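Below, chain A is the first sequence line, B the second, and so on; all start at residue 1. Here the structure is a predicted model, which is why all the values come from computation and not from measurement.
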Protein chains: 4
Amino acid sequence: MEAIKIGIIGYGYWGPNLARNFFDLPGSDLVAIADLNAESLERAQSRYPQVSPARDYHELFKLGLDAVVVSTPPSTHFTIARECLLHNLHLLVDKPLTLNAREAEELIELAESRGLNLMVGHTFAYNGAVHALKSYIDSGELGVIYYIDAARLNLGLFQRDSNVLWDLAPHDISAILYLLGEKPISVSAHGMPCVSDGIFDVAYLNLIFPKKISAHVHVSWLDPCKVRRITVVGSKKMAVFNDMENELKIKIYDKGVDVPEYTNGGFGEFQYSYRSGDITIPNIRFIEPLRQECQHFIDCIVNRAEPRSSGRDGWEVVKILAAAQHSLANGSTQEVIQWKTQNTVTSPSLQTLG
Amino acid sequence: MEAIKIGIIGYGYWGPNLARNFFDLPGSDLVAIADLNAESLERAQSRYPQVSPARDYHELFKLGLDAVVVSTPPSTHFTIARECLLHNLHLLVDKPLTLNAREAEELIELAESRGLNLMVGHTFAYNGAVHALKSYIDSGELGVIYYIDAARLNLGLFQRDSNVLWDLAPHDISAILYLLGEKPISVSAHGMPCVSDGIFDVAYLNLIFPKKISAHVHVSWLDPCKVRRITVVGSKKMAVFNDMENELKIKIYDKGVDVPEYTNGGFGEFQYSYRSGDITIPNIRFIEPLRQECQHFIDCIVNRAEPRSSGRDGWEVVKILAAAQHSLANGSTQEVIQWKTQNTVTSPSLQTLG
Amino acid sequence: MEAIKIGIIGYGYWGPNLARNFFDLPGSDLVAIADLNAESLERAQSRYPQVSPARDYHELFKLGLDAVVVSTPPSTHFTIARECLLHNLHLLVDKPLTLNAREAEELIELAESRGLNLMVGHTFAYNGAVHALKSYIDSGELGVIYYIDAARLNLGLFQRDSNVLWDLAPHDISAILYLLGEKPISVSAHGMPCVSDGIFDVAYLNLIFPKKISAHVHVSWLDPCKVRRITVVGSKKMAVFNDMENELKIKIYDKGVDVPEYTNGGFGEFQYSYRSGDITIPNIRFIEPLRQECQHFIDCIVNRAEPRSSGRDGWEVVKILAAAQHSLANGSTQEVIQWKTQNTVTSPSLQTLG
Amino acid sequence: MEAIKIGIIGYGYWGPNLARNFFDLPGSDLVAIADLNAESLERAQSRYPQVSPARDYHELFKLGLDAVVVSTPPSTHFTIARECLLHNLHLLVDKPLTLNAREAEELIELAESRGLNLMVGHTFAYNGAVHALKSYIDSGELGVIYYIDAARLNLGLFQRDSNVLWDLAPHDISAILYLLGEKPISVSAHGMPCVSDGIFDVAYLNLIFPKKISAHVHVSWLDPCKVRRITVVGSKKMAVFNDMENELKIKIYDKGVDVPEYTNGGFGEFQYSYRSGDITIPNIRFIEPLRQECQHFIDCIVNRAEPRSSGRDGWEVVKILAAAQHSLANGSTQEVIQWKTQNTVTSPSLQTLG
């Protein structure tokens, strides 16, 4: 079987990682790289002399590619992705898929109508530690899930065309949807534009799921400490996924609370020590998630399979982000999210979407 | 000068720490300890054979005490504190001062009208690390303060008569008010009752201060990791107060963000490394804050001085907690806090309060 | 049964902890405290008004005590302990028991001939984490033990009459003897007198045990980081006891090395990832080891039982320390330790000792 | 100016990192890669299709190369390096340069007689954090240096033809020589062959320098925790270089000990808190040390300059390792190192060496 011919649009921050993987993977053939920026393009060329460079990504449409990877700023995703689909190219688009749900729906429609793969770069869907966490939840070992608390903090602005919500929260939201296997019924968000007027660099999201489960996500471009953590609290055990650890990414705490009997009498407060068992740090065989993601993209094209992080997953995250953005802009209103239209996403007519 | 004669009501979780300090301090004479619970009282007796035990705290009113320390469950604070004041006793009440603002106001009124000291146990007001943090803020070294993020997490229920908000958040709220020297104009809160119906064991507070500064407080009785942290993010530097460290409680990060010039052209996103300077961990001479607090209580009685954590400070925290509680119970509504009545707290008439 | 009447000689650094425990324990009656230093004695008095103070420890011999606890500088241990035994008092002596083996032997003889308990304050013998570590070793879970590596580092001089070896190494040596259930056949030591001439503040010990097991101990009064760690490496698993952790003191690593087959050909070196399993942090119910030790002292007096950290254990540690000291003073010579005389320690005649 | 034509011999564990850098650097042209192992060679080919592969490294001598990088097992270094020099190729040899001093001397002679560059891959010589540490020492900020303590621990065997000493200790020894600017006058070593007979996987080195400074190095292939740390203790300040940290690699502790006045009287021991100042974590601009090393190799060839980690530096480390190895094999004897012959290393006659 021939290797899938790949082009990459955008060789800025994340593009080089995508290029490295598609260059290395046996099933893919990295044919071309496009970037408006001359310097970025030069870097790509000196690293991959055999790959065709292009300032204008439209040149990629003439090269007989099978698929394109879009790693440009989020605001350009829709336009570029749409063009690629119209040129009958399979697509891997960096997260977030688009900056509004309507555009995501249009891309999904277009891909389906043309039988093309549309995949979004939700890297956590390809992360062994997240898979392990999911299996702890699904096996019932953690008991009933009470809530999830996630934090993704760092010092660093990455995008000027959106804000911290669109930049960092897709990771946690996609992970939470995957872990819980459910979609939130409402969301609200607080945030602050600290450094630049109008650009939120700190945000707190509150997601409410069915069965009273809730999730809280803290994202920040303005924190002195780098934090990438997801805590899952269950009625039997608790789990922490700390992505800053090199090897010991997951800790399972055999901790739980039994409702204490009421102490009758005594002004004294009562203190419980709830630690009841061991902490386990499972050995997780770790393969670079991006490598897995790129391999999966190729496999899905070859096997004509639905990717694990499909356009629909991308759309779900975008819908939640858009609702959170609305909350952020309107004084932290509680935004109910209508998922009914989701079914119609697959419908052939764009008019039914929205 | 004679030592201040002290009685302690409540020898449960925190009471023994108060007893140890008032027993040790040269200026105080620990005369009596009351607790409804026979076992707690026995422990007090075996530790302090020379101190009078009492099941009924009313017995303390017959012993010619100068002052009483109330360390009972929050729901009993008002009743006991009121009685003590009516018996002309100086008062140190554990945080939170009361469970609603009206009761706090009444206690303040009563204390003022009788010339008694009313102090609330906001321990952070006596914490060297918090003082150091405050001086970094006030000196301008951190620049303009953007926001404060605080977390106080643990596994452990402490009070059945209130919730995690009233149990843990007083610490952070009192610290934040002290650090910023301002009162919030509004508050909202999310939370979850996980283990017991109706008792919130996890809560997220959002405080909005004048000049766009905001503060976020995360408190939890249901987290596998013990966290006690306050992060202050300024335009020039950032500071983290980690109370779980034994010695290195404060870290000052010489980090800041300069708004980058817009990169013209290029699909590539841009990545900045904003770390611009050193991290400093100042050497803070650490004395047990509770020891400082107890000493301050005695000093204020002797010198007829206003305590650093006065009844009014207690009232401010209670007002914020009450508003947050209201938000919690009403779907995270944004609660505006009216501080105007604060001035009238000092008025002689109780009718003007509230 | 009546409580054991206890006197404490030495109320400096460690004495207050001993006093607190013997005061609190139901089976003991803290009767007297002696200290040459007036200020220390005053502190003891204000804390325990009911206890008799004494500048001269000889006064304790007139009070009808059952037992004495010696917590004075090591160089005074022998003289004071001997006098106590001659006054028919049971004895708990702080580690190290004495500063040479002959004196330790004389104390053991004396105690045995008079039917008195002689116990040494090897606190690790009463530490739940060390017990847990021992049970992991004894159960075979770690496999064959390869070696033990211990470090006890800090910034702080505690004794002017000895050196870091005698101050810190008794902890690790007593723990290692207990963990392995064996005595070393030889020892050597490196060290440096950094701050004061002739007083070693940093030392490295190398102990060789039968069956090729070895142990390495690093002690320092001159390290910027506080470290208290014992690592046990076995053929199947490895364990780390980190005493600086509050709760998670023991970590069991399911790690082992299988001898790799020789890679035939290729200049390339080969890299193995040996991590084969999970890490477990067992939940150890932690009770203050000193509390356990004090309780055990009382129990042994009452039950006429041999203490877990007997005079003989103290003697073993002193013999090793003395050999290490000799090595330190003689250019790190390998010192063979003769244990045969150990049997004669129990003989009735002092002449056979040595 | 033309790019330096480079060949790499050995594409196993470390070779790919060297290849990546020489491929990327503008001043170098990666022409050929040799490895006996077919699989390794295939990996090299698929990554660098434009580079000539060779099973037999002798083929590289026909390609008109300017320089060769040797990254094969240590036992092959001498033979391969000698051949390269005899083919008039500049040389970068991975550490350790050779497995005995005589061979290192022969290589140095050969390189000098032919005017070739001989460089050894002591990566720490190109590490910004080590440079920073050196400048703290040289500026006098740490005061008089008392000692250096280094640890390099991990789980993993890398070489079957030598032992942990030759594998890991070159890093620390080269760093210590660089930091102190001195050579040790003697060395001794303890160690254990745990997993395989005769192959030491754990070793402790003790180096004695002039002016009573000493250094201790702990290396292990059999430790559950990955440690890469160098502690420098001075009379004024102390510094820790923790290479496991991502960013905060160096911590400067403003700690020192003043000899306390003798406490007159009192059995109580005295406890000092010596912490006198702040901890500073300097912001070190970190560039991949290997990148710096490769660049430096090219620069030295172009500018005909002596490399920072010259053959002589490699020889010094080998001499120390050989003495340590002798100590290890002979019951931890103290090995005096004769440095006088060093001067004759530069002599034209090989006979004077050794």
Side-chain angles (χ1 to χ4, degrees), chain C residues 9-15 34-37 39-40 57 71-73 76 146-147 149 155-160 188 190 192 194-196 202 204 206 212 214 216 218 222-225 231 233 238 240 251 253 255 257 259-260 262-263 265-275 331-332 334, chain D residues 9-15 34-37 40 57 71-73 76 146-147 149 155-160 188 190 192 194-196 202 204 206 212 214 216 218 221-225 231 233 238 240 251 253 255 257 259-260 262-263 265-275 331-332 334:
Chain C
I9 304 179
Y11 196 79
Y13 167 59
W14 195 238
D35 200 297
L36 271 177
N37 184 282
E39 213 182 305
S40 299
Y57 68 84
S71 178
T72 58
T76 66
Y146 287 143
Y147 71 96
D149 185 276
L155 184 72
L157 304 178
F158 292 104
Q159 284 144 351
R160 292 293 298 276
S188 65
H190 291 276
M192 291 154 269
C194 299
V195 174
S196 304
V202 183
Y204 302 92
N206 206 65
K212 290 209 229 165
S214 70
H216 190 268
H218 178 197
L222 264 188
D223 198 281
C225 303
T231 300
V233 173
M238 305 178 178
V240 175
K251 289 204 176 86
Y253 296 79
K255 291 185 171 185
V257 177
V259 183
Y262 197 86
T263 55
F267 285 132
E269 302 160 13
F270 43 86
Q271 183 190 26
Y272 288 80
S273 174
Y274 291 109
R275 194 168 192 287
S332 306
Q334 194 78 17
Chain D
I9 303 177
Y11 196 79
Y13 167 59
W14 194 237
D35 201 299
L36 271 177
N37 184 281
S40 298
Y57 68 84
S71 178
T72 59
T76 65
Y146 287 143
Y147 71 97
D149 184 276
L155 185 72
L157 303 179
F158 292 104
Q159 284 143 352
R160 292 292 298 275
S188 64
H190 291 275
M192 289 155 270
C194 299
V195 174
S196 303
V202 183
Y204 301 93
N206 207 65
K212 291 208 227 166
S214 69
H216 190 266
H218 178 196
W221 280 336
L222 264 188
D223 199 281
C225 303
T231 301
V233 173
M238 304 177 179
V240 174
K251 290 205 176 86
Y253 296 78
K255 291 186 171 184
V257 177
V259 183
Y262 197 84
T263 53
F267 284 132
E269 302 160 13
F270 44 86
Q271 183 190 26
Y272 289 79
S273 174
Y274 291 111
R275 192 169 194 286
S332 305
Q334 193 78 18

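When every heavy atom of Tyr146(D) is checked against every heavy atom of Cys194(C), the shortest pair comes out as CE2-O, 3.4 Å. Pairing each heavy atom of Tyr147(C) with each of Asp223(D), the nearest pair is OH-OD2, 4.1 Å.
For Glu39(C), the side-chain hydrogen bond (donor to acceptor under 3.5 Å, both in side chains) criterion is met by no residue, not counting sequence neighbours. Checked against side-chain hydrogen bond (donor to acceptor under 3.5 Å, both in side chains), Asn206(D) has the following partners two or more places apart in sequence or in another chain: His190(C).
In this structure, the separation between NE2 on His218(C) and NE2 on His216(D) is 7.0 Å, given to the nearest 0.5 Å.
Inspection of the Asp149(C) and Tyr204(D) side chains reveals an N or O donor paired with an N or O acceptor under 3.5 Å.
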